[in-house]
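Bear in mind that the values here come from a model prediction, so they are computed numbers and not experimental data. In the text below, chain A, chain B and the rest are named by the order of the sequence lines, each starting its count at 1.
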Amino acid sequence: MNTTVSDTDGEKQYSDAEGPGRRLRALRESENLALSRVSVLLHLSEEKLMSLEADDYAKLPGPVFIQGYLRNYARLLGVPVGPVLNAYRAASPESSRVPEIRITQLSHEVRSGHALVRLVTWGMVLGLVLLSVVWWRGYLQWPMQLSGSPENETAAVTGTEQAESEENDAAQSFPEVKVNADGEVTLALPQGGVETLEAPEETTADGGEGGVDRSGAEVNATAAAAGSIQAVKSASAEGAERSGEPAAETSQQVVIEYSGNSWSKIEDASGSFKLEGSNNAGIRRVLGGVPPYRMILGNAAAVKIYVNGQVFDISPFIRGNVARFTLDPKSQSQ
Amino acid sequence: MGSDSRDNTIAPPGSFTHFTENHFTMLFRRLRGFFSNDLAIDLGTANTLIYARGQGVVLDEPSVVAIRQDRGPGGGKSVAAVGDEAKAMLGRTPNNITAIRPMKDGVIADFTVTEKMLQHFIHKVHESKMIRPSPRVLVCVPCGSTQVERRAIRESAAGAGAREVYLIEEPMAAAIGAGLPVDEARGSMVLDIGGGTSEVAIISLNGIVYANSVRVGGDRFDEAIINYVRRNYGTLIGEATAERIKKEIGSAFPGNEVREIEVKGRNLAEGIPRSFTLNSNEILEALQEPLSGIVGAVKAALEQTPPELGADVAERGIVLTGGGALLLDIDRLLEEETGLPVLIAEDPLTCVARGGGRALEMLDERGGELLFSID
């Protein structure tokens, strides 16, 4: 085989614009090989070989096949395969074209090593840490010990709250309230019926025992102040019933005054009296239920407690702005 | 037929391909694709190749695992080495280490070891990353594998940390990787000669028309050489030596020149290592039996092919992929046996992995309208 084409020479020659087919044809002719003979050796039809030698790729299948044919042809002639294929790729831009099934859109692919991904990941981690810190602080301050049925709680709270929020208005005219209370009963009779009848009985009975029943009395005072609005009345009457009963058993009065917003949870010994929720500045609450009281007071600096009119010092119980303690008015008064 | 094959594509379980109209789903898939690191794995008997999306073939290592049996009572087993390192140990291990090839005949022979190996490879690919993502993985399976074997591969990949596992048949991946126009209404024949199996398939319109898998591959070539040497020289050689002989002087068709190689093995009669010389004609003779198995499979495929597709194949030729295509003159053997042009694909070793990678890309691009069936 007189292959005069050396590796580097071949590269140079084949990279000419004429394409590899003509070069292969020239080689074939120089070796006196008939086209029909090559056709038999390569198992390719003569038409195909002619197209291949003419660098006419339109009649040939795909680039994969053309490269394969060229490789086999070059090998048959004893020519290095590499330069032939390079020449083909240079002559036919289609050869480097990826098959149409390939669709690559990798430009906006982001991998885990990407700066953005790292940033987002660290952001998420920091966020989680912050959230847990916030949660833990909140847990220290306002523990969520949700127990008991919510209906009871709300009923108790609304009952006393209404009584007390309006007590503020009527507080100045407290002595008159008692007097008015009796008068009010008669006034309210046509609307109140049985409920209003019970209320004055209790208030008069409890009246002798001191201020504990004040809430009951205040309720009627409220009713008087608010005129004859039915809704208010029934609510306050309920409040009177609830706070009136336990009040009868105790002789100590515990008042809580809020000078700032505070979340508190107060539970009495029997568990029937509960107060849970946030209280705004200026609210004053009188506790019902059976002492001793278990108290958790948020923002304790803004809370003042009076036991029988005397200030009860809660400062020893304050931990991180929250006071937790049990208050027994009896032991305090001694 | 075209529309039929599209309608019949199997949507991968766990993917959202059922609701392509749903914009939310599309958005979600894109978001997921934004962070995902997809891999196509050619889990072969001899070599495992991993193609990472957008990066090309990132791993090419032998499918060999060395297991160490820890000493002492109740000593557990641990992985001593995987890949190249483990392959160097094959046949050279002390008592407490066994170097094994967990894949046999293209399918899993040892489930747990395969899982460990995959885990190792997947981690190796992600070594430099801060977070190790749980990638979507596409694994190539032999077309002749049973449901049980496929499930084993799927579960093994899932156990190795894959988020989603897709399976694609090897000839399909090989054809895509070789750059064959699989979506055309013309028959393309591909022959993938791997380590454990050889797969021959005719593909048209994104589907496999005919496929057959024979359990003849590079391993059988090595075995044949070992047997030949034992029979004719009374000498025992190892698998690694047999592989070296095959790579250096192995050929499938008588050539003009005769090449020689000097090898050493244990003489069975004397029990002493002896050196001797083998030539390429002897190896050609040794390889006759496995080669005839492959030729038989190709001929059977041509017989079974519908005539129109057969005509297409006859006109354009058969494309060879896989490590077996590197055996000298195997294309000439097939040409002579079939009378058809036989072409070796470019970079035949990585064809399957590259094809799998492209399939993964297409999976994202075309979603529910998959162009080929992926289990």
- Item | Close side-chain approach of B:L343 to A:N72, heavy-atom, < 4.5 Å | yes

- Note on the structure: So, the part of A:L42 with a heavy atom under 4.5 Å from chain B: the answer is backbone

- Determine which residues belonging to residues 315-327 of chain B lie within contact range of chain A, meaning some heavy atom pair is under 4.5 Å apart, and list them by number or answer 'none'. B:E315, B:R316, B:G317, B:V319

- Any ring-ring contact (aromatic ring centres under 6.0 Å, His included) involving residues 38-65 of chain A? Give me the pairs, sequence neighbours left out, ordered by first then second residue. A:Y57-A:Y88

- SB check A:R75 B:D331 (cutoff 4.0 Å): yes

- Side chain, backbone, both or neither of A:L70 within contact of chain B (heavy atoms, under 4.5 Å): neither

- Task: Can you establish whether the number of heavy atoms outside A:R25 located under 6.0 Å from its atom CZ is more than 12?
- Result: no

- Within a reach of under 6.0 Å around CD of B:E308, are more than 12 heavy atoms found that belong to other residues, nucleotides or ligands? no

